[in-house]
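Starting from 1, each residue takes its place in the sequence as its number.
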Amino acid sequence: GLALVVHLPAVAAHLVGAVTELERRLWELVMSAGCCGVAALAESAGVPLDEARTQLDGLARRRLLRRDDDAFAPLGAAA
(Lines give C-alpha, C1' and ligand atoms only; values in the text may rest on other atoms or scores of the structure.)
Protein backbone atom coordinates (compact mmCIF):
# COMPACT_ATOMS: atom_id res chain seq x y z
CA GLY A 1 0.00 0.00 0.00
CA LEU A 2 0.88 3.63 -0.33
CA ALA A 3 2.63 5.34 2.60
CA LEU A 4 4.66 8.50 2.96
CA VAL A 5 6.50 10.64 5.47
CA VAL A 6 5.02 14.09 5.98
CA HIS A 7 7.33 16.91 7.12
CA LEU A 8 5.73 20.16 8.25
CA PRO A 9 7.49 23.25 9.63
CA ALA A 10 7.86 23.15 13.43
CA VAL A 11 6.13 19.73 13.61
CA ALA A 12 7.68 16.29 13.93
CA ALA A 13 7.58 14.04 10.87
CA HIS A 14 4.57 11.76 10.57
CA LEU A 15 4.14 8.43 8.82
CA VAL A 16 0.81 8.28 7.00
CA GLY A 17 -0.79 5.65 4.83
CA ALA A 18 -0.84 1.88 4.67
CA VAL A 19 1.61 0.52 7.25
CA THR A 20 1.27 -2.22 9.83
CA GLU A 21 1.38 -1.55 13.55
CA LEU A 22 4.88 -3.08 13.71
CA GLU A 23 6.13 -1.02 10.76
CA ARG A 24 4.84 2.13 12.46
CA ARG A 25 6.44 1.17 15.79
CA LEU A 26 9.81 0.48 14.15
CA TRP A 27 9.62 3.70 12.11
CA GLU A 28 8.87 5.70 15.29
CA LEU A 29 11.81 4.06 17.09
CA VAL A 30 14.16 5.04 14.24
CA MET A 31 12.78 8.59 14.25
CA SER A 32 13.39 8.85 18.02
CA ALA A 33 16.85 7.30 18.00
CA GLY A 34 18.25 8.69 14.77
CA CYS A 35 20.47 6.02 13.23
CA CYS A 36 19.97 2.70 15.00
CA GLY A 37 21.04 -0.90 14.46
CA VAL A 38 18.59 -3.68 13.67
CA ALA A 39 19.33 -5.64 16.86
CA ALA A 40 18.60 -2.64 19.09
CA LEU A 41 15.41 -1.87 17.17
CA ALA A 42 14.23 -5.49 17.42
CA GLU A 43 14.88 -5.49 21.16
CA SER A 44 13.09 -2.16 21.67
CA ALA A 45 10.11 -3.34 19.63
CA GLY A 46 10.05 -6.73 21.39
CA VAL A 47 10.19 -8.74 18.16
CA PRO A 48 12.60 -11.34 16.77
CA LEU A 49 15.62 -9.98 14.90
CA ASP A 50 14.61 -11.53 11.55
CA GLU A 51 11.11 -10.07 11.75
CA ALA A 52 12.46 -6.59 12.55
CA ARG A 53 14.98 -6.82 9.70
CA THR A 54 12.26 -7.85 7.22
CA GLN A 55 9.97 -5.00 8.26
CA LEU A 56 12.78 -2.42 8.26
CA ASP A 57 13.98 -3.57 4.85
CA GLY A 58 10.43 -3.11 3.60
CA LEU A 59 10.29 0.43 4.99
CA ALA A 60 13.61 1.22 3.32
CA ARG A 61 12.43 -0.23 -0.01
CA ARG A 62 9.38 2.03 0.22
CA ARG A 63 11.77 4.92 0.95
CA LEU A 64 10.28 5.62 4.36
CA LEU A 65 13.65 5.05 6.08
CA ARG A 66 17.26 5.10 4.91
CA ARG A 67 19.41 1.99 5.29
CA ASP A 68 23.04 2.46 6.33
CA ASP A 69 24.77 -0.97 6.39
CA ASP A 70 23.05 -2.85 9.26
CA ALA A 71 21.40 0.29 10.65
CA PHE A 72 18.45 2.43 9.67
CA ALA A 73 18.07 6.20 9.81
CA PRO A 74 15.42 8.83 9.11
CA LEU A 75 15.26 10.43 5.70
CA GLY A 76 16.31 13.99 5.00
CA ALA A 77 18.08 16.58 7.11
CA ALA A 78 17.17 14.89 10.41
CA ALA A 79 19.31 11.90 9.43
Side-chain angles (χ1 to χ4, degrees):
L2 179 63
L4 56 103
V5 177
V6 177
H7 291 274
L8 300 171
V11 178
H14 293 281
L15 181 61
V16 296
V19 293
T20 67
E21 184 178 322
L22 178 56
E23 287 174 321
R24 183 173 304 281
R25 188 167 9 138
L26 289 166
W27 183 86
E28 289 172 350
L29 287 167
V30 171
M31 295 305 289
S32 294
C35 189
C36 196
V38 176
L41 290 165
E43 183 177 331
S44 293
V47 298
L49 180 63
D50 289 341
E51 184 176 355
R53 185 184 318 278
T54 298
Q55 298 301 313
L56 289 160
D57 283 339
L59 290 168
R61 266 192 313 279
R62 294 166 70 188
R63 299 190 177 168
L64 301 170
L65 291 176
R66 180 173 53 90
R67 185 174 183 137
D68 186 13
D69 292 324
D70 198 37
F72 290 84
L75 299 175

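For the atom pair Phe72 CZ and Leu65 CG, the distance stands at 7.5 Å (nearest 0.5 Å).
Pairs passing the side chain to side chain donor-acceptor pair (under 3.5 Å) check and including a residue from residues 49-59, sequence neighbours excluded, read Arg53-Asp70, Asp57-Arg67.
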Donor-acceptor contacts, no H, no angles, side chain residues 22-49, under 3.5 Å, sequence neighbours left out:
from	atom 1	to	atom 2	distance (Å)
Glu23	OE1	Thr20	N	2.7
Glu23	OE1	Thr20	OG1	3.4
Glu23	OE2	Arg62	NH1	3.4
Arg24	NH1	Leu15	O	2.7
Arg25	NH1	Ala45	O	2.5
Trp27	NE1	Leu64	O	3.2
Ser32	OG	Glu28	O	3.1
Ser44	OG	Ala40	O	3.1

